Amino acid sequence: MRPLNIKEAASRLGISPRAIRFYEEKGLILPAKQASNGYRSYTENDIWRLQTISALREIGMSLQDITHALGEIDQGNQQRLEEYLELQQAVMYAQWIELKRMLDTTQRMIDLNRQDGPLDVSHLHELADSSRRLREARQNWHDRWNYDTQAAIHDERVQAKSNSIPASSPSSASFPEEADSMPYNESRDVGEHQDTQKAPPSSFYLYHNYDEALEQTANWISPVPGEHGLDIGTGTGNLAGKLMERHALMTGIDQSREMLRTCRTKYPGMHVKLGNFLALPFADQTFDFLVSSFAFHHLSPDQQQLALQEMQRVLTPRGRICLTDLMFADALHREAYIRQAEADGNGEQLLAIRERHFPLLDELTRWLETNGYVTKTVRHNELLHTMLAVPLR
DNA sequence: ATTCTAACA
DNA sequence: TGTTAGCA
């Protein structure tokens, strides 16, 4: 194929010629120059390189990081190459879903226009507004890109914390009735939460009952051997591992390369993929069930909505969902909890609550039930819950 | 008509 | 990165 000049290359990639020159200035590419006029000349290789740069850029990687990444590819690091290819794939999925969403929005506007006659402006604004917010939400996962650094120490930390609690520790003794994970309904749940205002002292409890909660999740899913399951935010694969023991075919996605690396070595039999929770890199109706533990609270409330929609998309019509995470019963519970933490001067806990977006149990339940699910929930400790959602059918 | 470099926003 | 200017 004939080498492209800069304008052709730019239009093919959907970026500006200036951007391309800028990348060159930063040392990311080095196109040949025509001796006669000094015009840059881009070969297929250059184009591929630019494509890579552009894709990585879209995910919000800094040019510095891209330099580094490209370096590894140049050295023939296949492992890395695959990661970056998946990254590009993830971007494409995000775009695909965005497109679908826009189609959806316009369709809704058309419908509303037909039904209620001329659409009043406020409604139009509302639609446009939500559409904008959704898009913003999706962009925010760029930040997660740097989450990697935490990966290496993740498992150690969890291990350390659950081990540091003896089986007969006071805190678990004060919740003896939870030991037997009995499903209970929402109203009872709210009631029970009222005495949680004597909030626990330190933050280690956030991970206490960690393993019990994962067990619960796997039990509730109880996969039929051979069923396909997706673990969103699989981290190092602890939950997916339990489901594989039960002979499910597990796929895990995470937004962190480092996490996935660890996961791959821990569970060679597991499909592991880099991906955005808000644009799952899978076709519609791919999985029989879907689990997620300790991942939801990394998303903003808006993003959680998107994630739920995505889950439905990749799930089979009869697919079930089981979520384990720290949750508040409702907004009041959250407020009370924060007040208590303030009173205790527990800064660590306050920070944890403020920086995460622990789902509200009542909202989550409402959303799922509105979307055709029957739910049941079990509480493992003050905040830790496991929720199962099965299609009404 | 296009591209290039350089400089400024 | 976008924009603009002055060249080849």
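Letters A, B, ... are given to chains in the order of the sequence lines, protein chains preceding strands, and every chain is numbered from 1. Since the structure is predicted, the reported quantities are computational estimates derived from the model, not experimental observations.
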Phosphate OP1/OP2 of [N]: any [X] side-chain N/O under 4.0 Å:
X	N	result
A:Asn37	C:dA8	no
A:Lys33	B:dT5	yes
A:Tyr23	C:dT1	yes
A:Arg18	B:dT3	no

Give a yes-or-no answer on whether the side chains of [X] and [Y] include a donor-acceptor pair shorter than 3.5 Å.
X	Y	value
A:Asp362	A:Thr365	no
A:Asp111	A:Gln115	no
A:Trp48	A:Glu44	no
A:Ser293	A:Thr324	no

May I have the distance from [X] (atom [atom1]) to [N] (atom [atom2]), rounded to whole angstrom?
X	N	atom1	atom2	value
A:Ile20	B:dT2	CD1	C1'	14 Å
A:Phe22	B:dA6	CZ	C1'	14 Å
A:Glu25	C:dG2	CD	C1'	14 Å
A:Leu13	C:dT1	CG	C1'	16 Å
A:Ile53	C:dT1	CD1	C1'	15 Å
A:Arg21	C:dT3	CZ	P	13 Å
A:Ile6	B:dT2	CD1	P	14 Å
A:Glu24	B:dT5	CD	C1'	12 Å

### A:Ser16 side-chain proximity, nearest of B:dT5, C:dG2, B:dT3
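Output: C:dG2.
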### A:Pro281 and its side-chain contact (heavy atoms from CB on, under 4.5 Å) partner, picked from A:Ile253, A:Asn276, A:Leu274
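Answer after filtering A:Ile253, A:Asn276, A:Leu274: A:Ile253.
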### Task
By nearest nucleotide on DNA chain C, pick out whichever of A:Leu63 and A:Tyr39 is the more 5' one.
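Here A:Leu63 is the residue nearer the 5' end.
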### Message
Suppose we call a contact any N or O donor and acceptor under 3.5 Å apart; does that hold for the side chain of A:Arg40 and the base of B:dT3?
### Response
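Answer is no: no donor-acceptor pair is held.
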### Message
Using Watson-Crick or G-U wobble geometry with both distances under 3.5 Å, which nucleotide pairs with B:dT2?
### Response
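Across any shown strand, B:dT2 pairs with C:dA8.
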